[in-house]
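Let me begin by presenting the structure, written as C-alpha cells, before commenting on it.
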Amino acid sequence: MIHISLLNNTIKQFESIPTGMDVAKSISEEFAKRCVAIVVDGEMRDLTQNITQDAQVRLLTENDPEAIEILRHSTAHVMAQAICRIYPNAKLAIGPVIENGFYYDIDMPPVSEDDFTKIETEMNKIIQAKLPIQRQDISKQNAMDMFVHEPYKRELIQDLDEGTIRMYQQGEFTDLCRGPHLPHTGFIKAFKLMKVSGAYWRADASKAQLQRIYGTAFFSKKELTAHLNFIEEAKKRDHRKIGSALELFSFHDEAPGMPFFHPKGMVMWNLLLDYWRKEHQAAGYVEIKTPVILNRLLWEKSGHWFNYKENMYTTSIDEMDYAIKPMNCPGGMLVYGLKSHSYKELPLRMAEIGLVHRHELSGVLSGLFRVRAFHQDDAHIFMTPDQIEAEILGVLKLMERIYHTFGLTFHVELSTRPKKSIGTDAQWEQATNGLKSALQIYGQEFKINEGDGAFYGPKIDIHIKDALGRTWQCGTIQLDMSLPERFDLTYVGNENDKHRPIMIHRVIYGSIERFFGILIEHFAGKFPCWLTPVQAVCLPLNDSLAPYCEHVYQRLLSHGIRIELDSRSETLQKRIREAQLNKIPLIITIGEKEKTSGKLSVRTLDGQVTYGIDEQTVVNYVKNHIESKRMDMEKFTS
RNA sequence: GCCGAUGUAGCUCAGUGGUAGAGCACUCCCAUGGUAAGGGAAAGGUCGCCAGUUCAAUCCUGGCCAUCGGCUCCA
C-alpha cells in the first residue's frame, strides 16, 4: 500500500505502485490530461515514473512555473530531432533550458536564420504527431554503444557516474537527458527559433565550434506573442537608436568602442556628474584626478602588468614602457601614499571620475554597454578595520539615494572568499563579516555567492532593475587586501604605531557611459525634466510672430531653462510632431492670443495643452522639476 | 579573437555585370498655419576600404575595417 499525500493534505492510497499519471488520474481524468510532470518529495519527475514509496507530491500543470522549463527542454529535443532529420550528419552536444528559452549546441554546417523556417516546419510535424516522450534507463555501456556516432554524447556519458544512464525517446529520436519531459510532443503549443551563433564545445576556444541555435516556447500563442512584444519593446528602447535619434552620442570607425558625446549628450553627462558630486560631497567624499598614462613600474607594483596586460593599451615614451590606465586604483594609491596619515583622518573617502581604457575583444563591443574607453565614478575609501561596517553601510545608503532618484530598484549580492586568494583566514573573516553585518543592518535581503569574491577580497555587487524589469550590475563595493600591502600604505594609530588601512573600491554608476545607456533604455528616451537635454521648445504660430517669440525664448533661456526656438516655416502641426518625437517635455506655442495677452500656451508630452499661462509659472514649473528631480511631470495648471 | 549576418545620400531602405534610385531630413520657393507629417523645386553618393576576375565591378572572388546577433547557463 502506497500513501501519496497531495498539496491540499489529502492522502491517496494505492494498492500497487502508482505512476505520477495514476496519481493525476485519481484526482480526475480531465486534470490528468493537463499534467506535464510531478514533483515527488521535492524532485521533479516524469508522470510515467513509478512512485515506489509513500511520498508528498505536487502535480505540475501548465500553470506551474516549473512547467515552462520542462516545456522548453522538450522543445529543445524536438528541435534537435528536426535538425537530425534535415541534417543527418549533425552531431548533438548539449541542449539546456536558459532564462527565456533554450538552446541546443550542434556540430553541423553553419546555419543562418533563413534556415529556421524549414527547421520550424519539421518541428511542427513532430509536434502534430503528438509523439510520446518515453524514458529509458540503461547501463553506461549500452549508452556508449547507442551513441557510437555521437562523439559529444559519448564524452558526456564518459563523465557520468556508473549506474543507469537516462534516455528519452520520441519517435526515431533518442537523446541523453536527465529529464523530466512532457508526456508527448503535442503539449508544445507555441515556439519560435530566435537566433543562431557559434559556441565552443565546453566553452573552450581550442575545441570545436558548434552551432548554437536558440529558441523559446510557451504553453500558449498568447504568451509567445507577449514575449515577442517584450523583445520588440526592448528593441524600440535600444539606446543606440535613441542615442543617435536624439543626437546624444555617436561612434566612429576611427575609434571603435570609444563613444563621442554630442552637445545634448554632454548636457546630460554634466547633469549626471553634477548630481553625483553634490551627493558625494554631502556624504563626505573628496575628489581627485590622476593621469591616464602611467609608468610600467607602477603597473608591475599593482600587479596589473602581470594579471591584466592583455587588456591594457601600452605605449613607449622616452624608451620607457607606459600603460594607459584600465583602472584608477594605482593612481589613488600614490596619492594616499604621498604623506603619512593619522587614524584621525580615517575614513578617507577619495573619489575620482577616472577615464579608463580597456582593450575588449572586438566582437563584444556594444553601444555604450560594452566599450573600450569609459569613465568610472570610482572612490577608494581608506579606513580602520572597525570602520568597515559603518562605511559599507554609508556606501549602500548613498547608492540607494542615487538609484532611487532614477526610479531604479536594486538587490545586493555578497561574494565570499574564492579558492585562489591572498590574505590570512583572520583577515578574510574580519572583512567578510564586516560586509555581512553592514548588509544585515541595511536590512535588505541579500544573496551570498560563495567563493565568487575577488582574490584580493570579498565584494558586494548591486544589481539594478530597469523599467522593463531587466537587471544590470552597476554598483560594486570591493574590499581590497592586496593594494594597501603592495603600496605599503599605512596610517599612524593612537599609540604612534603604524597600521595597514583597510581599503575599498566602490562605484555607483559603474561605467558612466554604460549607466547613461541604461538610463536611455530605462526612460525610453523620455528623460525626467531635470535631466533632459532640451526642456522646452518655443514655436511661433507663424512667421510674423517669430520676433516676439524670440523675445520669449530669450527670457526663458536667461532663467536657465534649456529651451530651443523652432521658427522654421513649417506647419505648427509638423513642428509639434517633431518636438514630441524628440521627447521635449514642454512645447510652448505662441500665436496672436499669446502675443496680446502676454501669456503662453503649453503642451506637455502627454499631449495635454494648457492655455493662458504666465511666463513665470513656466519658469517655476521647470525650476521645481529641476530642484525636486521628480521623474514624472506635474499637471500643468494655469 | 571566433561563428553567422550586414555595410548604397545625413537617416530608413530599394536596386542592377554596362559607374545608381525612393521616402524623410537639409537648402530655396509657395502656403502663414491653433496642437503629431501642407505643396513644389533644387541639391546631395569614389555604392565601407584594398586587391583580383572581366572589355566593363556597387553587383562576382579574396583580404581588411566597422556594425549587428551570439560565444556565461554544461545530459
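The chains referred to below are lettered A, B, ... by the order of the sequence lines, with proteins before strands, and numbering in each begins at 1. Treat the numbers as computed from the prediction; the structure is a model and nothing was measured.
G45(B): no Watson-Crick or G-U partner with both key distances under 3.5 Å is found in any strand. In this structure, G69(B) and C3(B) make a Watson-Crick or G-U wobble pair, each of the two defining distances being under 3.5 angstrom. Judged by Watson-Crick or G-U wobble contacts below 3.5 Å, the nucleotide U19(B) has no partner. Nucleotide C28(B) forms a Watson-Crick or G-U wobble pair with G40(B), both donor-acceptor distances falling under 3.5 Å. Across all strands shown, C60(B) is found opposite G52(B) as a Watson-Crick or G-U wobble partner, with both distances under 3.5 Å. Base pairing annotation: A9(B) forms no Watson-Crick or G-U wobble pair, as no partner gives both donor-acceptor distances under 3.5 Å. With a 3.5 Å ceiling on both atom-pair distances, G34(B) lacks any Watson-Crick or G-U wobble partner.
Judged by atom type and distance alone, R568(A) does not reach the base of A25(B) through any side-chain donor-acceptor pair under 3.5 Å. No N or O donor and acceptor, one from the side chain of S544(A) and one from the base of U32(B), sit under 3.5 Å apart. For U32(B), its base never sits under 3.5 Å from the side chain of T571(A) at any donor and acceptor pair. For E594(A) against G34(B), a side-chain N or O and a base N or O form a donor-acceptor pair under 3.5 Å.
Across all strands shown, E99(A) has no heavy atoms under 4.0 Å from either base or sugar-phosphate atoms. Residue-level contact check: R166(A) touches the bases, meaning some heavy atom is under 4.0 Å from a base atom.
The separation of C59(B) from A20(B), taken at their P atoms, amounts to 14 Å, rounded to a whole angstrom.
Looking at the side chain of L156(A), the nearest of the listed nucleotides A75(B), G34(B), G70(B) is A75(B). Closest approach to the I94(A) side chain among C71(B), C3(B), C74(B) is made by C74(B) (side chain taken as heavy atoms from C-beta onward). Comparing A37(B), A75(B), C71(B) by their closest approach to the side chain of K153(A) singles out A75(B). Closest to the side chain of L581(A), from the set U32(B), A75(B), A36(B), is A36(B).
Taking all atoms of both residues into account, the shortest heavy-atom contact from L248(A) to P533(A) is CD2-CG, 4.1 Å.
Distance check, rounded to the nearest 0.5 Å: CZ of R358(A) to CD1 of I324(A) gives 13.5 Å. Expressed to the nearest 0.5 Å, how far OG1 of T604(A) lies from CZ of F636(A) amounts to 8.0 Å.
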